[in-house]
Structures are given as structure tokens and as C-alpha cells.
Amino acid sequence: MIVTRFAPSPTGYLHIGGLRTALFSWLWARRNNGKFLLRIEDTDMARNSEEATKAIIKAFEWVGMDYDGEVVYQSKRFDIYRQYIDQLLEEGKAYYCYMTKEELDELRETQMARKERPRYDGRYRDFKGTPPSGVEPVVRIKAPIWGDICFKDGVKGDICIASSEVDDFIIARSDGTPTYNFVVAIDDALMGVTDVIRGDDHLYNTPKQIVVYNALGFELPRFSHLAMINNEEGKKLSKRDGATDVMDYKTNGFLAEALLNFLVRLGWSHGDQEIFSIEEMKSLFDPQNINKSASSYNLDKLLWLNSHYIKNIPNDQLALLLKDFGVHIDGHDKLELLLDATKERGKTLVELSEQINLILNAPESYNEKDYKKAIKEDTKEILNNFAALLRSSQDSLHLPCDYHAILEKLVAAREIGFGKIGQPLRVALLGSMTGAGLDEIMSILGADETIKRIDKLLSTL
RNA sequence: GACCCUUUCAUCUAGUGGCCAAGGAUGUUGCGUUUUCAACGCAGACACAGAGGUUCAAAUCCUCUAAGGGUCGCCA
């Protein structure tokens, strides 16, 4: 069985890059009817917050990603880690190191000065003497001294790192708490994780974790390291780049489906296909098709996808989503017509709600430029004429085509161009010359409201 | 500085030695549809980082160079 996991450290909101990593892991598990686990990496007591964990879970809920079983908190598993530390100590695979932080800093400086890669020199590796007093020791694991540490990465292929590059890293701090690379390996093994899918930035941790796997006799999972997502300038995505918090996308009017579709195509592809429903992703996703190279975030494409999903989800669902944006049209008898007329005009739910409000609420003022452009000498007469026509045939006006018919009638009778009536009418109804089709707008408003808005404009002439 | 990874249109990507004088998508340009905007349709512009090899044949394999990124914590 395939078991994947997402293992964030709770230091803030869920980042867009984190979501993509989680998505890939989730999809791979779901595709194989496997398990997708959520583990919170909170071994650093000073930095983690409960809020952050909640934020991550909330973001998962929004996008509809479900995890299996209970959330695992590393902070609650310290006694498990302690056991393994003791075991390694007993077996001579780990040892106490009495080097102070100051000594360590000093060592690093001299190494840097010699243009070497800074690393622990192993001075306590085979220490048999009397430990210096007054130093709380850390526990270090014995990493191999010779050869290479190799593994096959699901994305990058064969990776080999010289053992000389991997030092005897600390697995327990002087206060006894375990460190990241140690607990990750243990938890992944204990939780039965078969596929570790994570960011590129962990590539260098992998050989360290392999040291732990080997020392404890655990079987290695498959590792797949995802290249980073950069910003539109190709630089590392940071908080300065605006919306990096997943939940910002919700407030900015993006659909979860669109976000996931966007993210799944960042670094992964399936031929030429661009649009993937969640179900399709679940059945098609394969880490084998993940790209090696980093990709850049591109808002235009996200926007395009979002408008695609806005246009294609059922109207009743759309109405539900719109509630969060101050548009309450649940019971509106012209709901279908209203959304059909507007949903091609909004790339986000924010824009769409603006479009809808434009129709639902009578204009309080008119766009100056459009007003000037639309209002001509004969406009007053034409609009009066049109209003009269509306009044006289009020009872038979229902569908957009009904309104269209009387517009045609007016145009034919007066022998004028469509613009003569269309432009001022548009200003009267919406306050400006852009927006949905006139026939639809009038049908949604009904004859009464249409006449009211025309009269209001007439009163300014 | 050391080690590691990456490199196809502006962007996401297809491509695993011949089907590629490089395909799709976003964006962009023009035209059409339209009372307006949008949407849609059609047409166009835009790329194999560079240099050397290997081969009958290279975007694809090898070497070097360059550029970008990552990592070097008692953070995760």
C-alpha cells in the first residue's frame, strides 16, 4: 500500500508551495487507494503555535483535501524518540558529544577560513576519557566515514553524496529533546510512509535521514524532491510576493478547484492537458511525470483557470460561493439568468459579485465619460419612446427575447442605429457603458425596475 | 567558499536518438462576432543557455563553460 504524508512545521499559515507538496502527496495516495497522513513537526517547542496548526487544517478543508487517521504531533511522541536515542547509544551507533556551542562556532569559523564546508570534526566519536565537567552533552549519530550515501530520487534520479559531506549530526540536544532529521526518519518509518514527497530544500537532509534509517534498521521509503516554486520574476517565492497564504486565495475570490488545477500543473503534466478535475488528478497523477526544474508562479494562468471554473460550475453552487462576497441571490427567481449573464465577466468571485451588484442595485451615479458619450440631442425623446413601449407591452415581457423584440421594434420604427438606444439605455440601467447584455439585464430587472431606471436618467436631461 | 540540483517561447509545459525546419496552454498582436465590456472563433509573433564532441542522424547521449537555485544550525 502507498502511504504518503504531509509534515509541516507549524510556524505560520499554509504556504502555496506547501499546498502543492501536500497536493502531490495526497493525489499519489488517493490514486493508489493508499493513505495520506498529516503530521505536525513541532519538536521545537519555542517556535510552534497551535494557531498555525489550525490554519493548516483549515486550508486543507477549504481545498477539500482529506487526510487519513488522526493528526500526529511530534511533540507528543518524545518518549518514543527517547527510546531510539537510548538504543543507538547502547549499540554504540550514537555517542555523547561534550563540545560547547562556542567551540562549535570556533570550529566553523576556522573551517570557513580554510574554504572548507563547515562540519563537525568527530572529536568525541570515539571518546573514552573523562567528560569535561559543566557541559550538558548532545547526542550525535555516527555517520559513515567512507564511501557515498546514495539513493534514487523519484524526481531527480540517482543522487550520491560523499559521506565526507555528512557529519555526525546531533540527534538529541543538550536538553534531551530530539532534532528534526532524527524524528522525521523515525516517524516516517513508524507510520509506514512509503513515499516521501517534499520540497527540494530537503534534498540535503535525505542522506542524514538515511543514516538514521540504516542505524535503526528501517526500510527506506521512496524519496521524491520537488523543485521550488519561484515568483513571477523567477526568484524564491516570499511573503513579499503577495498572496502566499492559501487562504488569501479564498478571500480573493478564487475557487479551490482552480487553485489546485493551477498547482498541479506547476511541475507536473499529463501530455497537453491543462484542465483537470479533482477526480482526473486523482486518477492520473504520477510522480514519474514531475519536472526536475523549478517553476515560476504565474497569476495570469491562475486567473484564466479561475474564470474557467467560474463559467463551468453549476449556478446553484456558484450562488452559494457568492454568499461570502456579499451577494445573496439564493432565492432570486432569475438566478440562472443572472449568473449566465454575468459569469463570463468575472475572473474572480470578487469581480463577479461586482458585476452582479451592478445589475441588482440601481446606479447611484453615472460614469461621467460614458454619460457624455451616450447622451445625444435626441436621446431624451428616444428613451421616452422606449419607456412608453415598455409600459404598453409590460404584461408580455418576460424573457430576454421579449425585450429584444421591442428594442428591435423601436429601432425599426425610428430608423435609428442600435447604438442610439443601446448606449443611453446601458447608462440608465448600469450607470456605465460596460457590462452584461441589455436584453438579459432588462429581463432580470423586470419592466417596472427598467422603467424606473430609465425615468431616473430622464430626470437628469 | 564547499557540496548538490536545474536550464525548451515572456510564463506553465510536451518531448527519453530519426515521426521536431520543436507541439499544447497562459499572456500578447491582428481580424471577426457584438449596442458596450467580456467571452468566443480565426490568424500571427515568440523557445531547445553557449561551445565542443559521439552518431548516417541530437532538444534528446558525453564533456566543458555560463546562468539560476538549494544546502552547509543544539531551525524545521
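Note on naming: letters A, B, ... go to the chains in the order of the sequence lines (proteins, then strands), and numbering restarts at 1 for each one.
For Ser432(A), no side-chain nitrogen or oxygen approaches OP1 or OP2 of U36(B) to under 4.0 Å. Listed pair Lys373(A) / U36(B) fails the phosphate criterion, with no side-chain N or O lying under 4.0 Å from OP1 or OP2. A close approach under 4.0 Å does not occur between any side-chain nitrogen or oxygen of Arg108(A) and OP1 or OP2 of C72(B).
Among the atoms of the strands shown, base atoms are found under 4.0 Å from some heavy atom of Met433(A). Residue contacts shown for Lys101(A) include a base, since a base heavy atom lies under 4.0 Å away. Looking at heavy-atom distances under 4.0 Å, Lys347(A) makes contact with sugar-phosphate atoms alone, never a base. Lys420(A) comes within 4.0 angstrom of no nucleic acid atom, judged by non-hydrogen atoms across all strands.
Nearest to the side chain of Thr434(A), among A76(B), U36(B), A2(B), sits U36(B). Of the candidates U36(B), C5(B), A25(B), U36(B) carries the atom nearest the Arg426(A) side chain, counting heavy atoms from C-beta on. When each of A38(B), C74(B), C3(B) is scored by its nearest atom to the side-chain atoms of Glu344(A), the top-ranked nucleotide is A38(B).
The CG-P distance, from Asp168(A) to G73(B), rounds to 14 Å in whole Å. Residue Asp201(A) contributes atom CG, which lies 18 Å from atom P of C4(B) at whole-angstrom precision. Atom-to-atom, CG of Leu352(A) to C1' of A39(B) comes out at 14 Å; the value is rounded to the nearest Å. Spacing between atom CD1 of Ile382(A) and atom C1' of U35(B) amounts to 13 Å, rounded to whole angstrom units. When the P atom of A76(B) is taken as reference, atom NZ of Lys208(A) falls 11 Å away, rounded to whole Å. At whole-Å resolution of the value, CG in Asp158(A) and C1' in C5(B) are 14 Å apart. With rounding to whole Å, Ile229(A) atom CD1 is found 22 Å from C5(B) atom P. Taking atom CZ of residue Arg119(A) and atom P of nucleotide A2(B), one finds them 16 Å apart after rounding to whole Å.
To the nearest 0.5 angstrom, Asn306(A) atom CG is 4.5 Å from Leu255(A) atom CG.
Using C1' as the reference atom, U60(B) and U54(B) are 13 Å apart when rounded to the nearest Å. Here the separation of U65(B) from A10(B), taken at their P atoms, is 27 Å to the nearest Å. With C1' as the reference atom, G52(B) and G68(B) are 23 Å apart, rounded to whole Å. Only the C1' atoms considered, A45(B) is 36 Å distant from C62(B), to the nearest whole Å. C9(B) and G41(B) are spaced 26 Å apart, taking the P atom of each and rounding to whole Å. Taking the C1' atoms as reference points, A58(B) lies 11 Å from C20(B), given to the whole Å.
The base of C74(B) has none of its N or O atoms less than 3.5 Å from a complementary donor or acceptor on the side chain of Thr179(A).
Base-pair partner of G27(B): not found among the strands shown (Watson-Crick or G-U wobble, both distances under 3.5 Å). Pairing for A2(B) is with U71(B), a Watson-Crick or G-U wobble pair whose two hydrogen-bonding atom distances lie under 3.5 Å. Base-pair partner of C20(B): not found among the strands shown (Watson-Crick or G-U wobble, both distances under 3.5 Å). With a 3.5 Å ceiling on both atom-pair distances, the Watson-Crick or G-U wobble partner of A66(B) is U7(B). Judged by Watson-Crick or G-U wobble contacts below 3.5 Å, the nucleotide U35(B) has no partner. Checking U60(B) for Watson-Crick or G-U wobble geometry (two distances, each under 3.5 Å) identifies no partner in any strand.
Between Trp268(A) and Phe285(A), the ring centre distance stays below 6.0 Å.
When only modelled atom types and interatomic distance are considered, Asp168(A) and Tyr124(A) share no side-chain donor-acceptor pair under 3.5 Å.
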_Contact state string [nucleotides 11-17 of chain B, B base, S sugar-phosphate only, - no protein heavy atom under 4.0 Å]_ = SBSS---
